[in-house]
2 protein chains.
Amino acid sequence: MADDANLALDRQLCFAIYSAAHAFNRTYKPLLDPYGLTYPQYLVLLSLWQDDGKTVKALGEALHLDSGTLSPLLKRLEASGYIERTRDRADERQVLITLTPKGREMKGEAHGILMQIGKAAGCTADDLHQLGASLQALADRLRARQTPDTA
Amino acid sequence: MADDANLALDRQLCFAIYSAAHAFNRTYKPLLDPYGLTYPQYLVLLSLWQDDGKTVKALGEALHLDSGTLSPLLKRLEASGYIERTRDRADERQVLITLTPKGREMKGEAHGILMQIGKAAGCTADDLHQLGASLQALADRLRARQTPDTA
DNA sequence: CCAAAATAGATTGCGCGCAATATAATTTTG
DNA sequence: CAAAATTATATTGCGCGCAATCTATTTTGG
């Protein structure tokens, strides 16, 4: 019956995203281990390289993560010397996240890491861009159903 | 320079997969909560519906998970009544995972869940299938670099 | 047949990811 | 201007996900 076909599709897509995310994680791990970084921590650095000096909240919005995840993660990133956490003088509730020199230097290493990933992914930059765009669009649609902003 | 463009691509794709996986997770959560299931537990059921009576090892290969993840997860699935864990008489090292009646009945509920997801994803079954295939291919290429099976 | 190697699962420790809650600072209201 | 509501971050608890280690059971080889 059609139900079984639908279930197969469900399994295929859900599992594809789930396992692609894990495959990425596992591919990055050996590349990031030498720097004492995890994949989510690397994403934080990617975000800061683009735009340094964010608040925790802004970082959370950029990465779709909440303070329960970010607070301890950022403490570890500070402990390993990549970022600094400073209370905003003007609004003491906020914590500003800024790159240290070590954090900025790491950006230079990222290029080599990227090359490795590109090789491992084994397709053209265009293919990757296309896939990324499809995924982002899908994720955006899923998120739109969760938080009906336009009330 | 080109490096910055490459970094942007890196950020886009890595982040797209990472955040799409989380978006899926968050979309499934409210649908699975009423059944006391988590997303990885649901994936185990999907796999068993297709092929009941696997060993832990076979399940791990199907889902790309190891015993460190599966052992406690399967114990929870047993505790909530969806599966049974029985030692294989012929080889006492192995544990066979089989669906309980409750586990088999849950397959009927999956159809409704799937409909919800389809609606939330907001695209045709064909689109989803296409995207799933691209992702699976990418994940396979990434995994191929990690474990050079063909030694 | 028995010791060594291999195999299947389980356990431990650590880092997310998220819900729920707590705390502290700021803003809004009465 | 003080109490209440809001906002930003931190903490706690639980379930993965994975490396490393451990135990128990085959399987192999001498």
Side-chain angles (χ1 to χ4, degrees), chain A residues 15 18-30 32-33 35-44 54-61 63-80 83 85-97 139 143 146-147, chain B residues 15 18-30 32-33 35-44 54-61 63-80 83 85-97 139 143 146-147:
Chain A
F15 180 63
Y18 174 84
S19 94
H22 292 165
F24 252 75
N25 222 318
R26 283 190 283 256
T27 305
Y28 268 97
K29 191 172 190 319
L32 294 176
D33 268 349
Y35 303 102
L37 287 170
T38 66
Y39 184 67
Q41 288 170 10
Y42 181 67
L43 285 177
V44 166
K54 290 182 172 76
T55 63
V56 173
K57 181 181 169 58
L59 211 42
E61 278 164 1
L63 302 177
H64 304 293
L65 293 174
D66 67 3
S67 73
T69 300
L70 281 175
S71 285
L73 185 157
L74 293 172
K75 280 193 176 179
R76 283 186 285 268
L77 262 185
E78 184 180 43
S80 47
I83 64 164
R85 294 158 59 251
T86 51
R87 285 275 159 193
D88 186 333
R89 289 271 172 80
D91 184 342
E92 296 255 342
R93 286 171 306 182
Q94 301 188 132
V95 172
L96 290 174
I97 308 298
R143 266 190 292 273
Q146 285 157 32
T147 57
Chain B
F15 180 63
Y18 174 83
S19 93
H22 291 166
F24 251 76
N25 222 318
R26 284 190 282 255
T27 305
Y28 269 97
K29 190 172 191 316
L32 295 176
D33 269 349
Y35 303 101
L37 288 169
T38 66
Y39 183 66
Q41 288 170 10
Y42 182 67
L43 286 177
V44 166
K54 291 183 172 73
T55 62
V56 173
K57 181 180 169 58
L59 211 43
E61 278 163 3
L63 303 177
H64 304 294
L65 292 174
D66 67 3
S67 72
T69 301
L70 281 175
S71 285
L73 185 156
L74 293 172
K75 278 193 177 178
R76 282 186 286 268
L77 262 184
E78 183 180 42
S80 47
I83 63 164
R85 294 156 61 249
T86 50
R87 285 274 160 194
D88 185 334
R89 289 271 171 82
D91 184 343
E92 295 256 344
R93 288 171 304 181
Q94 300 187 136
V95 171
L96 289 175
I97 307 298
R143 267 190 292 273
Q146 285 157 29
T147 56

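Every chain is numbered from 1, with letters handed out A, B, ... down the list of sequences. The model shown is predicted, which means the values in this text are computed figures rather than measured ones.
Judged by distance alone with a 3.5 Å cut-off, no donor-acceptor contact links the side chain of A/R93 to the base of D/dT9.
Closest approach of B/S67 and B/P72 over heavy atoms only: O-CD, 3.9 Å. For B/L59 against B/L70, the heavy-atom pair with the smallest separation is C-CD1, 4.1 Å. Closest non-hydrogen pair, B/Q41 versus B/G36, comes out as OE1-O, 3.8 Å. Residues B/L63 and A/F15 come closest through the heavy atom pair CA-CE1, 3.7 Å. Scanning all heavy atoms of the two residues, the minimum distance from B/H64 to A/R26 falls at O-NH1, 3.5 Å.
The distance from atom CG of A/D88 to atom P of D/dA8 is 11 Å, rounded to the nearest whole Å. A/R87 has its CZ atom 18 Å from the P atom of D/dT7, to the nearest Å. Computed from coordinates, the B/D66 CG to D/dT21 C1' distance equals 13 Å when rounded to whole Å. Between the CG atom of A/D91 and the C1' atom of D/dT7 there is a distance of 8 Å, given to the nearest Å.
Checking B/R93, B/R89, B/Q94 one by one against B/D91, the side chain to side chain donor-acceptor pair (under 3.5 Å) holds for a single residue, B/R93.
For B/R85, the salt bridge (Lys or Arg N to Asp or Glu O under 4.0 Å) partners two or more places apart in sequence, or in a different chain, are B/E78.
B/L73 comes within 4.0 angstrom of the backbone, heavy atoms only, and of no base. Within the 4.0 angstrom heavy-atom criterion, base atoms lie near A/T69. B/L65 comes within contact range of the sugar-phosphate backbone alone, with a heavy-atom separation under 4.0 Å but no base atom that close.
Each of B/T55 and B/Y18 was assigned the nucleotide of DNA chain C with the nearest heavy atom; the assignment lying further toward the 5' end belongs to B/T55. Annotation: of the two residues near DNA chain D, B/Y39 and A/A58, the 5′-most nearest-nucleotide partner is A/A58. Nearest-nucleotide positions on DNA chain D place B/S67 closer to the 5' end than the other of B/S67 and B/A90.
Proximity note for B/E92 (side chain, C-beta onward) versus D/dA10, D/dT25, D/dA8: the nearest is D/dT25.
Along DNA chain C, read 5' to 3', the first and last nucleotides having any atom under 4.0 Å from a heavy atom of chain A are C/dG15 to C/dT26.
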